[in-house]
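Step one of this worksheet: look at the structure below.
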Amino acid sequence: MENKKDTCAVQSRLVVVTGPTAIGKTRVAIEIAKAFHTEIISCDSRQMYREMHIGTAVPSAEELATVPHHFIGNLSIHDYYNVSMFEQECLQLLDNLFQTYQTVIMTGGSGLYIDALCNGIDDFPTVDTEIRETVTGWFETEGIEYLRRQLKMLDPEHYARVDLRNYKRIMKAIEVCLQTGKPYSSFLTSQQRLRPFEIVKIALNRPREELVANIHRRTDAMMEAGLLGEAESLYPYRKLNALNTVGYKELFAYMDGLHDLDTAVELIRRNTRRYAKRQLTWFARDTAMQWFHPDHIDAMVETLHS
RNA sequence: GGUACCAUAGCUCAGUAGGUAGAGCAACGGACUGAAAAUCCGUGUGUCCUUGGUUCGAUUCCGAGUGGUACCA
């Protein structure tokens, strides 16, 4: 298999279509996939959960019928999942798809997932649930200062570099130290993995005003489509990580009586806007991105043909 | 129509005993190595309604205008 690829004149190619939420990735990806008669891999960390439809804006049944999609609704909110698992499963899937297609499309807005697939992510053992719960317990009962002291002892090198106000980063490092008995920083190589296929990255964007209008329109559409009902049915599981998601957490707060429904919707809009900004910041850093207006699909296809 | 009050950041407002102004929210910018739609950090963006006057100097004091709110007709 490897040899065949090496001698093959036309190399396999992955086309990544990304951009901020509500920019129109789904439509663009489908059009490009149709142009190349191929399939789509989703790299959206929330569309993977089959219990979450409306709030994650998964492609419609018609859209899914048009082009085969992967990694949509493939997980339950009760499953543990992480970027590394995505990287491995995705590489395996690509290996299969490239036997049929020269070009495969990947679309979604989870920047870390995209980077993990394109550049690789350092390998360290998965942390046992008990250790994760222990460290979480430390944070909840002892506070962040205690976590800092632990990290300083376990991995002074990482302590010097990590954002000491970001408890998640500190907890992750401590967990790995405890799991392996080695400093977290000893697993970090900063080395980019080479992939046996070409990668083309397309990022979608449009004037901020239009993006914001899209976000507001889509939020209203989600509410009309029954987002509140979906959130109500998931309320018992609101503590799960999968449900720490824009569109759901604000409605859970409404159900808890923290604010009224109009406020909840306004917060969904605001938090979606902020999420879109964080995505744009992430993608802007990637110099390999080729930026397009989502309406210029012909230009994208042309670029991919040349 | 009359009287009173108000006019300062995108919004709600504070303030300057006269020396060109600051809070909350919104907004904007950034970081990111297995929970990432997560998590964390940074930043006031302003004809102080307009226009005369007093003054070395007016967003601030006085007059007029415009707009708004309330009450009286």
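Everything numeric in this text was worked out from a predicted model, so none of it was measured. In what follows, chains are A, B, ... by sequence order, proteins preceding strands, each numbered from 1. Excluded from the calculations below are hydrogen atoms, water molecules and symmetry mates; all remaining heavy atoms, backbone and side chain alike, are included.
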- Item | Pairs meeting criterion salt bridge (charged side-chain N to carboxylate O under 4.0 Å, His left out) with involvement of residues 138-151 of chain A, two or more places apart | A/Glu145-A/Arg148
Tabulate below the donor-acceptor pairs under 3.5 Å that side-chain atoms of residues 18-28 of chain A make, not counting sequence neighbours, or state none.
unit_1, atom_1, unit_2, atom_2, d
A/Thr18, OG1, A/Gly108, O, 2.7
A/Thr21, OG1, A/Arg218, NH2, 2.8
A/Lys25, NZ, A/Gly19, O, 3.1
A/Lys25, NZ, A/Pro20, O, 3.0

Looking across every strand, which nucleic acid part, if any, lies under 4.0 Å from [X] by heavy atom: base, sugar-phosphate, or nothing?
X        : value
A/Phe86  : nothing
A/Thr56  : base
A/Asn271 : nothing
A/Arg208 : sugar-phosphate
A/Arg274 : sugar-phosphate

Residues from [range] sitting under 4.0 Å of RNA chain B, heavy atoms only?
range                       : answer
residues 171-179 of chain A : A/Met171, A/Lys172
residues 227-263 of chain A : A/Asn241, A/Asn244, A/Thr245, A/Val246, A/Lys249
residues 119-127 of chain A : A/Ile121, A/Asp122, A/Asp123, A/Phe124
residues 72-84 of chain A   : A/Tyr80, A/Tyr81, A/Asn82, A/Val83, A/Ser84

- Task: Rounded off to whole Å, could you give me the CZ-to-C1' distance for the A/Arg269 and B/C25 pair?
- Result: 17 Å
- For A/Lys277 and B/C28, is the shortest distance between a side-chain N/O and OP1 or OP2 below 4.0 Å? no
- Message: Looking at A/Arg278, I'd like to know whether one of its side-chain N or O atoms comes within less than 4.0 Å of OP1 or OP2 on B/U39.
- Response: no
- Message: Check the orientation of A/Phe197 and A/Phe98. Use parallel for under 30°, tilted for 30 to 60°, and perpendicular for over 60°.
- Response: tilted
- Item | Pairs meeting criterion side-chain hydrogen bond (donor to acceptor under 3.5 Å, both in side chains) with involvement of residues 64-74 of chain A, two or more places apart | A/Glu39-A/His70
Distances under 3.5 Å only, N/O to N/O: pair up the protein atoms with those of nucleotides 9-12 of chain B.
none

- Task: Quick one: stems involving RNA chain B, counted as three or more successive Watson-Crick or G-U pairs, both distances short of 3.5 Å.
- Result: B:1-7 with B:66-72, B:10-13 with B:22-25, B:27-31 with B:39-43, B:49-53 with B:61-65
- Message: Can you list everything that forms a side-chain hydrogen bond (donor to acceptor under 3.5 Å, both in side chains) with A/Asp79? Sequence neighbours excluded, please.
- Response: none
- Query: Got a sec, which residues hit side-chain hydrogen bond (donor to acceptor under 3.5 Å, both in side chains) with A/Ser60, two or more places apart in sequence or on another chain?
  - Reply: A/Glu63
- Between A/Arg46 and the options A/Thr245, A/Thr56, A/Asn244, the side-chain hydrogen bond (donor to acceptor under 3.5 Å, both in side chains) test singles out A/Thr245
- Does any non-hydrogen side-chain atom of A/Arg193 lie less than 4.5 Å from one of A/Ile121? no
Shorter than 3.5 Å, N or O on both sides, protein versus nucleotides 41-46 of chain B: list them out with atom names.
none

